[in-house]
Number of protein chains: 2
Amino acid sequence: MMQVAERAGVSTATVARVLKAKGYVSDEARARVEAAVKAIGYRPNAMARGLRQRRSFTIGHMLDAIIVNPFFVNVAHWAEEEALEHGYKTFLFNHNGDGERERIGIERFIERRVDAVLFTNAIATENVRLLAAAGIPALQLERSKTPAAPAIRVDNRVGALEAMRHLVEQGHRRIAFVGGDPDLIGRGATAGPTVEEDRLEAYRSGLAAAGLSPDPALMRLGRYYSLEAGGTSSEGYRHAKSLLGLEKRPTAIFATCDILAAGALQAVYEAGLRVPDDISVIGFDDTIAANLTPQLTTVAQPMEDLGRIGFRAVLAAIESGEFPELPVLPSRLVLRRSTASIAR
Amino acid sequence: MMQVAERAGVSTATVARVLKAKGYVSDEARARVEAAVKAIGYRPNAMARGLRQRRSFTIGHMLDAIIVNPFFVNVAHWAEEEALEHGYKTFLFNHNGDGERERIGIERFIERRVDAVLFTNAIATENVRLLAAAGIPALQLERSKTPAAPAIRVDNRVGALEAMRHLVEQGHRRIAFVGGDPDLIGRGATAGPTVEEDRLEAYRSGLAAAGLSPDPALMRLGRYYSLEAGGTSSEGYRHAKSLLGLEKRPTAIFATCDILAAGALQAVYEAGLRVPDDISVIGFDDTIAANLTPQLTTVAQPMEDLGRIGFRAVLAAIESGEFPELPVLPSRLVLRRSTASIAR
DNA sequence: TTGTACGCGTTATCAC
DNA sequence: GTGATAACGCGTACAA
C-alpha cells in the first residue's frame, strides 16, 4: 500500500479510501491510485488486515476422516463454498477419531486465529471448551456429540422410517439391520440420543409399525468402517456375508452408511445373488450410492444445507456474538435401483 | 505476549526467548514466563508472526473438483498431512474446471499470502503466471498442463501397460477403451503429451504388443464424468452400454478412471452379465475401486506420494528459492476381482 | 478532500 | 541475561 501511495503521489489513507470505495476522493486522485494499483500488481495483505481488524476471515472445520467417507468432504465443500461467498476461507483438519489429534488441530486453529470453528463430529468436550476459553464460537454439524457447543442436527428418524416403510410396502418382512453400534461410536457425554440410536430406533419403529418384532439374528452392530482397513467396505461385507449364511436369510438389508451398504452389495454379488431381485439393500448418506452397482437406494443426508447453513450460522455468531435459531435438518429417502418387491 | 510479559514481570523479548527456546534466559525468568503463559492461556498469533516474517506458513492447493473425484481429496489430504508435520496449513480451492474461478482462487491465495501453491490440475497458464508475478512458487501435481510451472508427474504408461498386459495374458483380444478425450480434456498449451494421450497410447501399445490392432468400434473417448450430472458414473454407463450393444461385444473394458469403470460395472450388471465371468473391467486411479462390486482391478495412482513429495518440494522452493529435482512417479496395477481369464 | 499518526502482535537488532 | 525499539501492512480517528 505504501508503494501504491508513493507511486500515485498520495497518502496511504487515500489509497485505502479508493480501495474500500469509502469516503471522498477526487476523480483525479482515484485514477492515479487505480493506475498505480494496476502497475504494481498490488493486492491487500490479508494477514495485516486480520491483525488490525482482529478478524482473520477464516474459519476452522474439524472433521473426522475426509479421505474415508465422502460425507465429510461434501459437508466441508459446501461450507467452504458458502464461506467463499462471504469473503471467508476455511482451514480443514481431520482428527481421524483421535481426541489427541483433535486437540492439536484446535490449538492450530486458535493460533491461526480462526473466527469460528465448525465440527463435523466432535470428539472430546474438553477440546471444544478450549475454543470457548479463547472466545471462539463453535458449532457442531450433523451430530450433537457434546453439550459444549450448539448443533445443527439431522433428523435421522424421518429418512430411516421412510426407508423402512418402503421396504415393508415392498413386502419385506425379514429386514436386516447393519449399522453403527451406539455403544461403540456414540460413547462419551453426548447431548440427547446419538445418531446411531436414532437410526436403530427407527428400524425398530418401522418393524413395529408393520407388526413385526426385531430379530436379533438379523441385527449387526459395529463400526461404519475401520480406518485401519483404509476405510473400505470390509465391515459391511463381513456383516452381510454372515447374514447371507443364515438358514433363513433376510430379504432386505438396511445399512446405515453407504460404505457399509457397498460391502453388503459385494457380499451379495459374491454369493451369486442379485440385487434387488433376490435381496434389497438400502444405504444411508447418499455419498457413493449413485456409483455403486446397482445404483443404491439410500437415505440422503442434507450435506449442502449442513455446510451452507452451518457457515451462515457461525458467521452470524461472529458478527452478533450469538447463534441464530438452529434448525434440525431432515434426511430423506432417495429411490434408486437396489430395492424391489420381495421375490416370491 | 504483552500480557504474558506484564504478568511475568519481564520484557516481551524475554518472553519470546522462552517461547522460541532460543537465547539466554535465567531459570527463574523462564519459570515465571511459563507460569504466565499457562495462566493466561496464551497462544502466539499466527497472523502477527506471518506479517512480521513475511511468511504465512500456509500454502494454497488448487484442485479441480473435490467432491466429484476422490482422487483430488486424497492428494490434498496427503499434502496437508505432510504440511502439518512442517508447521504448515493448506487452503483448498476448487476451480471445477472453470478458468475464471481458478483466477479468483489464485487471487485469494495471493491476498492470503500463501507461501506457495500446489496445482492438482491447473487450467490456464495466465493464471499460473499471476503467481510468478507475485513471487510465489507453484508446482503442478500429477499433470503438467502448463509450462509456466514445474511438475511432479505420474507415469501413466507403466500402469496402463501393465493393465493391458494383464488382460492380454488372460486371453482377452477384444479390449475396449473408455477414456478421456485428449482433445477435450488436454486442450491448451500443455507441456508434453497429456495424461489422456499417455493412457490411450499405452492402450495402443498394449494391443500392438499382442499383435492386435485397435478397433475404432471399441474405443470411446469423452469426459471422465460430467459435473452437471453431479459427477456420477453416467458417462461410463453410457459408453459401456453402447459397447455391450455391439454385435461382437468386447470381453474386457479398460476404463481410464474408476468413476468411468463404476458406470461400466452398472451397465454390465443391468445387461444381466457378470464381471469378471462374462466381461472383465479395469479402472484407473484406485479411488472408489475397493468399494465397487465386484472390487475393481485398477491402475493405482501414487496419491500419497504426490501429496507428500509435492509439499516437500514446494517447501524446499520456499526456503531455498528453487525446486529440487522433481520425480516422475509410477502408477501400478492393483489386482482385485473384476478381471479374469476370458470365458470360452 | 487529503494527510498524519498510532496500534494490532510478532520478531529481530542493538544496547545495556 | 535482559530490555528498548523498530518494522511488517493495514485501518482509522483526527487534524488540516
Worksheet item: Could you state the CD-C1' distance from B:Glu111 to D:dG9, rounded to the nearest angstrom?
Response: 14 Å
Worksheet entry | A:Glu304: partners by salt bridge (Lys or Arg N to Asp or Glu O under 4.0 Å), with sequence neighbours left out | A:Arg308
Discussion item. How many whole angstroms separate atom CD1 of A:Ile110 from atom P of C:dG9?
Written reply: 16 Å
Discussion item. Rounded to whole Å, please give me the gap between CE in A:Met1 and C1' in D:dG11.
Written reply: 7 Å
Worksheet item: In residues 3-21 of chain A, which ones come under 4.0 Å of DNA chain D, going by heavy atoms?
Response: A:Ala16
Worksheet entry | Whether B:Lys22 side chain and B:Ala16 backbone form a donor-acceptor pair below 3.5 Å | no
Discussion item. Testing B:Val314, B:Val75, B:Val114, B:Asn94 one by one against B:His61 for a side chain to side chain contact (heavy atoms under 4.5 Å, CB included), which residue passes?
Written reply: B:Val75
Item to complete: Give the rounded distance in Å between these two atoms: CZ of B:Arg112 and P of D:dC8.
Response: 22 Å
Item to complete: Round to a whole Å and report the spacing from CE of A:Met2 to C1' of D:dC8.
Response: 12 Å
Fill in: Beyond-backbone contact of B:Leu306 with B:Ile152, side-chain heavy atoms, under 4.5 angstrom
yes
Worksheet item: Of all heavy-atom pairs between B:Glu80 and B:Thr90, which one has the smallest distance, and what is that distance?
Response: OE1-OG1, 2.5 Å
Worksheet item: Taking DNA chain C as the partner, which of residues 31-60 of chain A come within under 4.0 angstrom of it by heavy atom?
Response: A:Leu51, A:Arg52, A:Arg54
Discussion item. Is the ring pair B:Phe311/B:His86 parallel, tilted or perpendicular, if the boundaries are 30 and 60 degrees?
Written reply: tilted
Worksheet entry | Shortest non-hydrogen contact between A:Asp64 and A:Gly97, atoms and distance | OD1-N, 3.4 Å
Worksheet item: Is the backbone of B:Asn121 close enough, under 3.5 Å, to the side chain of B:His95 for a donor and an acceptor to pair up by distance?
Response: yes
